[in-house]
Trainee: 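Handing you a structure now.
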Amino acid sequence: MTEPLIRLKGIHKYYGDYHALRGIDLDIRAGEFFSLLGPSGCGKTTLLRTIAGFEDVSKGTVVIGGQDMTALPPNKRPTNMVFQSYAIFPHLTVAQNVGFGLRKAKGTSEEKAKRVAEALQMVGLAGYGDRAAHALSGGQRQRVALARALVLRPKVLLLDEPLSALDKKMREQMQVELIRLQRQVGITFILVTHDQEEALVMSDRIAVMFEGDVAQIAEAETLYRRPVSRRVAEFIGTMNFLPATVGGDEVVVAGLGRMPVSSLQNTATTEGESVAGFRPETATLLFPGQEATDRIAEGTVTEVVYYGDMTYYDVRLTGAADPVRISMRNVFGRPVLEIGAQARLSWSPGAVTLFR
Amino acid sequence: MDQETRRGATLIAPPLLYALALLAVPLGAVLVFSFWTQDYLTVDRTPTLANYVKAATDPIYRTILGRSLVISGAVTVLTVLLAFPVAYYVSFHVRPDRKSLWLFLITIPFWTSYLLRIFLWKVMLGYNGVINSALTGLGIIDEPLTFILYNANAVVLTLSHAFAPFAILPIFVALEKIDRSLLEASRDLGETGVTTFFRVTLPLALPGVIAAILIVFIPTVGDYVTPAQVGGSEGTMIANLIQAHFGGLNDAPMGATLSIVAMASVTVIALALVWATRKLGGAR
């Protein structure tokens with residue numbers, strides 16, 4: 001395999017006594033859309049800022065393009081950033097903002113003006129060059145910030161929660177545009193986000209971070225289907241957890257019954273008390289007349305949440321204390337079950353993960 | 001008049017009366033006086049432009065008005081140049097929780113009366129003053145320096161010190177308002193710390209700098225106490241001349257004319273400055 005574009009080795013960052021980054025090792029490949037995902041305070045923004053050069057590391061090295069850049073200031077790094085606040089210069093026009101970093105670039109002013117116009121075109125703001133920056137809407141500022149970074153043709157584009165200030169509709173539109181843009185320019189994108197859905201939708205690979213450490217690095221599907229820990233599973237999407245007891249080769253999961261440990265996905269096999277989890281869509285409620293294709297668990301419906309296309313049922317399985325949530329696609333003509341109804345659950349051991 | 005209008009009128013009446021009686025009426029009186037003339041002991045109330053012609057032609061008036069503007073200009077430049085680094089330091093390098101303490105310390109000179117501070121400058125700058133004694137004591141100079149008191153230099157120095165906080169505060173406020181991520185964005189886009197200052201920080205602080213310039217320039221042109229105390233004969237400014245006309249020279253109409261001329265000059269310069277920055281600001 002070729003050398004990664006970015007290699008972080010043993011990155012530690014202390015703020016006084018506070019240990020913000022705890023030995024991060026990370027390789028990011030050229031052309032990848034990579035996301036740093038985690039709850040607020042997990043160190044994802046700090047990590048992004050160490051790549052950009054705004055934070056110096058307490059220990060460790062930052063290698064970009066095969067070159068050690070740990071000690072270099074931001075203006076000497078082949079990275080450009082889209083700030084959370086967009087940081088559009090209010091005293092300049094849109095074109096002056098986009099052309100800000102071109103001052104030292106080679107070429108005549110006509111060539112630079114052309115590059116600015118192309119960058120504006122690329123983000124869908126053609127003809128906006130003469131507008132005053134302070135007169136732009138949030139979505140337009142976002143685009144200007146993108147154009148301003150991309151016009152310099154960086155090796156890496158860093159995005160610090162770029163969509164968090166936009167409303168839902170705008171955010172979804174920009175997600176798609178960012179993916180399209182990334183494919184078009186082929187530049188490595190590193191996105192920081194606390195929104196798991198955003199990370200799943202946009203990224204080639206995702207690093208999930210908790211408390212200054214990386215918990216799992218994987219593609220979206222792997223992360224969703226094979227979380228390495230209960231914490232990752234909880235953070236990405238919804239998961240039902242049931243107490244489990246491991247004894248030898250067998251495990252007893254409350255509500256689901258006894259089965260061989262090897263039939264489940266395992267993060268690590270441990271004797272004794274454990275937790276098993278499954279996603280709401282991996283199990284199915286059986287309606288009258290339907291036959292089970294997998295194993296069956298019995299229970300009672302305790303809550304029904306109707307979403308139009310979907311219905312979420314909370315079902316208390318016989319032998320389990322807490323209800324599990326099952327999501328069912330609504331089918332025309334099929335009645336929605338009511339609270340208190342007896343329910344039969346069809347589930348598959350392969351979709352159940354046994355956590356440490 | 002409905003009830004709301006009446007209530008509004010009642011509310012603004014006291015300050016309005018106050019402003020009329022103490023600002024508009026005296027100003028109107030000065031304007032009227034400026035078109036009259038002094039006829040030995042009485043005032044000739046025939047409207048005439050004679051005083052304005054005299055103010056424009058007699059070299060003494062032009063010289064002193066010109067000097068006032070030059071001294072104020074020098075005070076403004078010196079004050080703003082010295083105030084900027086202080087404001088910058090407090091805004092960018094002082095810990096956020098210490099900033100108000102710093103601002104508080106900057107205002108400490110105001111705890112002493114303006115007049116006392118001028119006298120203290122006399123003590124410092126005088127022939128046998130602190131500076132001269134120190135320098136002769138250290139053997140750096142043989143003769144006490146005389147160019148530091150009773151001339152324009154002394155006026156510039158004293159006024160710059162007195163007006164420093166007025167310049168520091170608006171610049172500080174302008175610097176505080178700058179989103180720090182803009183500075184990071186500039187660094188990210190390839191600029192160094194120094195070029196970032198000139199391309200981002202300074203342009204964004206400009207409104208504060210303009211405010212500081214106006215706040216220092218306008219009142220110092222008409223300052224009376226400082227030139228009277230430390231200016232000597234070659235540090236005399238327009239306000240001293242106006243005072244002389246109302247007092248010893250017993251020519252109130254000419255004093256009034258000089259006041260109007262001084263006010264008009266300041267207004268023109270201030271407006272020109274505002275206009276020029278608008279023009280320069282362009283996109284804003």
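Excluded from the calculations below are hydrogen atoms, water molecules and symmetry mates; all remaining heavy atoms, backbone and side chain alike, are included. Note on naming: letters A, B, ... go to the chains in the order of the sequence lines (proteins, then strands), and numbering restarts at 1 for each one.
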Trainee: Using non-hydrogen atoms only, which part of B:Asp179 is less than 4.5 Å away from chain A: side chain, backbone, both, or neither?
Mentor: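 B:Asp179 touches chain A through side-chain heavy atoms alone.
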
Trainee: Is there a donor-acceptor pair closer than 3.5 Å between any side-chain N or O of A:Thr70 and the backbone N or O of A:Val62?
Mentor: yes

Trainee: Relative to chain B, which segment of A:Phe54 carries a heavy atom at a distance below 4.5 Å: side chain, backbone, both, or neither?
Mentor: side chain

Trainee: Please flag which part of A:Arg77 lies under 4.5 Å from any non-hydrogen atom of chain B: side chain, backbone, both or neither.
Mentor: neither

Trainee: Just by modelled atom types, is the A:His194 backbone N or O under 3.5 Å from a matching donor or acceptor in the A:Lys44 side chain?
Mentor: no

Trainee: Is there a donor-acceptor pair under 3.5 Å between the side chain of A:Tyr128 and the backbone N or O of A:Val144?
Mentor: no

Trainee: Name the region of B:Arg180, side chain, backbone, both or neither, that has any atom closer than 4.5 Å to a heavy atom of chain A.
Mentor: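 B:Arg180 has no heavy atom closer than 4.5 Å to chain A.
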
Trainee: Verify, without hydrogens or angle tests, whether A:Ser35 (side chain) and A:Leu37 (backbone) share a donor-acceptor contact under 3.5 angstrom.
Mentor: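 Flag not set: sc A:Ser35 to bb A:Leu37 has no pair under 3.5 Å.
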
Trainee: Using non-hydrogen atoms and a 4.5 Å limit, figure out which bit of A:Phe83 sits close to chain B: side chain, backbone, both or neither.
Mentor: side chain

Trainee: For residues B:Thr226 and B:Thr158, is any side-chain donor paired with an opposing acceptor at under 3.5 Å?
Mentor: no

Trainee: If I measure from the heavy atoms of chain A, does B:Thr196 come under 4.5 Å with its side chain, its backbone, both, or neither?
Mentor: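 For B:Thr196, there is no contact with chain A at all, as no heavy atom is under 4.5 Å.
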
Trainee: Do B:Ser91 side-chain atoms and B:Tyr88 backbone N/O form a donor-acceptor pair below 3.5 Å?
Mentor: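 Checking the backbone N and O of B:Tyr88 against the side chain of B:Ser91, no donor-acceptor pair under 3.5 Å is found.
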
Trainee: Sort A:Leu158 into side chain, backbone, both or neither according to what part of it lies under 4.5 angstrom from a heavy atom of chain B.
Mentor: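 Neither part.
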
Trainee: For chain B, which of A:Arg131, A:Met81, A:Gln84 has the most heavy-atom pairs under 4.5 Å?
Mentor: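 That would be A:Met81.
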
